[in-house]
A.B. asks: 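Quick one: the structure is below, and I'll ask about it shortly.
We count ligands from 1, going down the list as the structure has it; atoms in each ligand are counted the same way.
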Amino acid sequence: MFVDSHCHLTFPELHGRIDAIRADMAAARVDRALVICTTLEEFSHVHALALRYDNFWCSAGVHPDNEGVEEPSVERLTALAALPKVVGIGETGLDYYRLGARTLEQMEWQRERFRVHIRTARQVRKPLIVHTRSASVDTLAILREEGADLAGGVFHCFTETMDVARAALDLGFMVSFSGIVTFRNAQELREVARFVPLDRCLIETDSPYLAPVPHRGKVNNPSFVPHVAAAVAQLKGLAVEQVARATSANFEQLFGLPSAAPQPP
Ligand SMILES: [Zn+2]
Ligand SMILES: [Zn+2]
């Protein structure tokens, strides 16, 4: 019934817990998950999960926060994107939150890496999984400059303003909400979740981080995504089943997956 559109099942916090997580997912009716890649070094582990389990898919990409890792090229990402069960490019984007002593000029490597992902996504016709933090102006400018609307994608773990949400929708992107939407201090984000049309919404956990209320502070996992769906449903005045159905259909449409909905007789 539910899809977790963004989780990191290869991170140390969840390592070795796959069987327990899958049992919890089944109990919570979380049917499917997209396992997100953050370094090329990690890709083979992420991909192995997608190959091993029917209801897992994966992405290929290098997270903007990762330094001192193998730098992706269009050629390398294109080759990975051609492998079975690789359905998206990312996570990629810009993150100026951890600038430290550096200036924005010194972050050119991040912008160049982002452009490489967008060019790949256009070439392989797969959607982008975009991470943006403290960098929305540059993120939107680069997406526009590189013609990212031709690839499409999702702004994952959305924490930006209404204006940024509007700009993302104008580019044809979806907006994905995480457990943050359940946090007490996230009133502005709840307004954004109310605003984004249901047919453009995804839900995610971003496990192992950001566990939704009532699990806040615990290690997150995909079986908690129904709490995100429930929060979005409450904000929109809908039944949780409607949000589950719509976000699952949006996931299928964005990542080009077959429908899991029961077919009419
Ligand atoms: Zn992210
Ligand atoms: Zn992530």
A.B. asks: Could you tell me whether R32 sits above the aromatic face of F255, with NZ or CZ closer than 6.0 angstrom to the six-membered ring centre and within 45 degrees of the axis?
C.D. replies: no
A.B. asks: Mind checking the CZ-SG spacing from F251 to C201? Nearest 0.5 Å is all I need.
C.D. replies: 15.0 Å
A.B. asks: Tell me, please, whether F43 has R76 positioned over its six-membered ring: NZ or CZ under 6.0 Å from the ring centre and within 45 degrees of its axis?
C.D. replies: no
A.B. asks: Can you tell me if H131 has an N, O or S atom under 2.8 Å away from the Zn ion (ligand 1)?
C.D. replies: yes
A.B. asks: Kindly confirm whether the Zn ion (ligand 2) is within less than 2.8 Å of some N/O/S atom in H156?
C.D. replies: no
A.B. asks: Only N/O/S atoms count here: what is the atom of E91 closest to the Zn ion (ligand 2) called?
C.D. replies: OE2
A.B. asks: Would you say H8 has an N, O or S atom lying under 2.8 Å from the Zn ion (ligand 2)?
C.D. replies: yes
A.B. asks: Would you mind naming the N, O or S atom of D206 nearest to the Zn ion (ligand 2)?
C.D. replies: OD1
A.B. asks: Distance from S207 atom OG to N221 atom CG, nearest 0.5 Å?
C.D. replies: 5.5 Å
A.B. asks: Between E146 and L143 (side chain of the first, backbone of the second, donor and acceptor by atom type, cut-off under 3.5 Å), is there such a pair?
C.D. replies: no
